[in-house]
Amino acid sequence: MTLTVDIDQQLGGFRLCSAFTSEGGLTALFGRSGAGKTSIVKAIAGLMRVGRGRIVLDGRVLVDTARGIFVPPHRREVGYVFQDARLFPHLTVRGNLLFGRWFGRRSGPDQQVDRVVDLLGLGALLERRPAGLSGGERQRVAIGRALLSRPRILLMDEPLAAIDEGRKGEILPFIERLRDEIGLPIVYVSHSIPEVVRLANTIAIVSDGAVQAYGPATEILGRPDLFPLVGRYEAGSVLVGRVLGHDEAEQLTRLQVRGGDLLVARFDAPVGSSVRVHIRARDVILATERPSHISTLNILTGVISGIAEAEGPAVEVAVDCSGERLLARITRRSLRLLDLAPGRPVFAVMKSVAVGRRDLGVAPPES
Ligand SMILES: Nc1ncnc2c1ncn2[C@@H]1O[C@H](COP(=O)(O)OP(=O)(O)OP(=O)(O)O)[C@@H](O)[C@H]1O
């Protein structure tokens with residue numbers, strides 16, 4: 001699946017001029033409020049016309065202003081999940097799901113309903129009405145309804161925005177399953193780094209109506225030049241690790257990454273499976289000798305591959321850990337006192353408690 005978007009539209013005083021390509025999986029449109037993410041999704045869905053542009057999904061031209069092509073929304077075969085679930089209050093969960101199925105142009109067999117119910121864990125909810133469901137349950141029904149219209153692409157516009165922080169973790173695994181088990185391309189709007197870190201194969205960074213950069217998630221998130229757009233607090237690197245084991249008593253999971261082993265907060269993933277771990281640059285300390293007698297459990301080895309200016313007293317130091325890039329934010333003063341420079345071997349130190357449940361996710365298959 002390939003999605004190509006290249007659009008230009010004036011919206012009052014705001015100019016949307018965005019281009020990106022996605023090769024399937026989950027593509028996150030990440031950016032601050034008002035950056036233009038929803039407008040891009042609306043253009044893909046056909047809910048907004050553009051003055052100039054071209055949108056092609058898997059070889060099918062949905063929009064081409066130069067050739068006068070505009071496929072109407074109901075012919076695009078897109079599923080749309082909004083911030084609020086927008087369920088029919090008078091219908092049960094089953095009724096809402098079946099509505100999606102009848103609404104779709106390519107109505108599927110009954111097994112399709114069973115599969116979606118199973119995938120989204122909706123079995124126990126089928127006879128209930130939306131008013132009695134939690135926000136997360138309602139969103140799962142909305143996703144199921146969208147899936148049953150058998151779309152060629154699923155557009156999700158901040159689907160977790162209306163769900164409280166604690167409950168978000170209940171719905172993220174279902175979105176991971178959509179990404180990995182159904183193989184349906186997803187465009188996912190978010191302004192939350194933890195969500196994007198967990199879910200995205202591809203990230204397009206949207207700012208001031210334009211896509212400033214796009215590419216594989218691990219690469220885009222690790223680029224210090226994009227940190228001002230990502231937000232320096234959350235900025236860092238994404239490593240891919242293999243689960244070596246769990247310590248139930250101490251509530252820790254041991255991961256093997258390229259630079260060594262990491263102990264992180266207990267994460268429910270099978271031993272041997274691949275997970276993504278987000279490590280904020282601000283949580284990494286560098287040392288030129290292996291530290292001993294400290295409480296930190298995580299020490300990775302690597303070689304400094306680059307140093308970039310950050311704001312104020314800080315610099316971002318990139319450490320090559322056997323081919324994986326880890327970023328550390330340290331003071332310029334420490335850089336000078338430790339005489340750190342590209343090519344110098346270092347030990348990267350981080351606290352296990354700095355890597356919490358929200359920083360861990362199932363790695364997409366090709367990570
Ligand atoms: N029909 C319109 N007329 C005028 N301005 C518009 C219109 N639609 C969107 N805008 C403006 O375009 C900008 C981008 O809006 P958009 O909703 O796409 O941003 P967003 O990144 O999705 O933001 P949020 O995360 O807050 O939803 C905003 O400044 C918005 O006010």
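First listed ligand is number 1; within each ligand, the first listed atom is number 1. Any value given below was found using the heavy atoms of this structure, including those in side chains, with hydrogens, waters and symmetry copies removed. Worth saying up front: this structure is predicted, and the values here are computed from it rather than measured.
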Query raised in the report: Considering only heavy atoms from C-beta outward, does the side chain of Leu255 approach that of Leu360 to under 4.5 Å?
Result: yes
Report summary line: Ranked by distance from atom 16 (P) of ligand 1, the top protein heavy atom is Ser39 OG, 3.6 Å
**Report entry** pair Ile330-Leu335: side-chain heavy atoms closer than 4.5 Å
**Finding:** yes
Query raised in the report: atom 17 (O) of ligand 1: which protein heavy atom is closest, and how many Å away?
Result: Thr38 CB, 3.6 Å
Report summary line: atom 5 (N) of ligand 1 sits nearest the protein heavy atom Leu11 O, 3.3 Å
**Report entry** 4.5 Å side-chain heavy-atom contact, Gln139 and Val81
**Finding:** yes
Query - Min N/O separation Gly34 to ligand 1 under 3.5 Å - result: yes
Query raised in the report: Should Glu158 be listed as contacting ligand 1, given a heavy-atom distance under 4.0 Å as the test?
Result: yes
Query raised in the report: So, does Gly36 sit close enough to ligand 1 that a heavy atom of it is under 4.0 Å from the ligand?
Result: yes
Report summary line: Looking only at protein heavy atoms, what sits closest to atom 26 (O) of ligand 1 is Ser33 OG, 2.6 Å
Report task. Number the atoms of ligand 1 from 1 as they appear, then name those within less than 4.0 Å of a heavy atom of Ala35, with their elements. Result -> 19 (O), 20 (P), 21 (O)
**Report entry** Residue Asp261 excluded, over 12 heavy atoms near CG under 6.0 Å
**Finding:** yes
Requested in this report: Measure the shortest side-chain to side-chain distance between Leu326 and Val284 over non-hydrogen atoms and say whether it is less than 4.5 angstrom.
Outcome: yes
Requested in this report: Could you pull out the closest heavy-atom pair between Gly144 and Val116, with the gap in Å?
Outcome: CA-CG1, 3.6 Å
Requested in this report: Please examine the side chains of Asp157 and Tyr188, heavy atoms only from C-beta on, and report whether any two atoms are closer than 4.5 Å.
Outcome: no
Report task. Distance to 0.1 Å, residue and atom name: give those for the protein heavy atom nearest to atom 29 (O) of ligand 1. Result -> Phe14 CD1, 4.0 Å
Report task. Could you please spell out the steps behind the salt bridge (charged side-chain N to carboxylate O under 4.0 Å, His left out) verdict for Asp6 and Arg54? Result -> CA-CA 5 Å; Asp6 181 1; Arg54 201 172 134 80; over 6 Å; no
**Report entry** Arg32: numbered ligand 1 atoms lying under 4.0 Å from its heavy atoms
**Finding:** 21 (O)
Query raised in the report: Looking only at heavy atoms of Lys42, does any of them come nearer than 4.0 Å to an atom of ligand 1?
Result: no
Report task. Check each of Lys37, Gln83, His191 against atom 25 (O) of ligand 1 and report the one with the nearest heavy atom. Result -> Lys37
Query raised in the report: Is Ile40 close to Leu16 at the side-chain level, that is, under 4.5 Å between some pair of heavy atoms?
Result: yes
Report task. Answer yes if a protein heavy atom lies under 4.0 Å from atom 31 (O) of ligand 1, otherwise answer no. Result -> no
Report summary line: One finds that the ligand 1 atoms under 4.0 Å from a non-hydrogen atom of Gly12 are 4 (C)
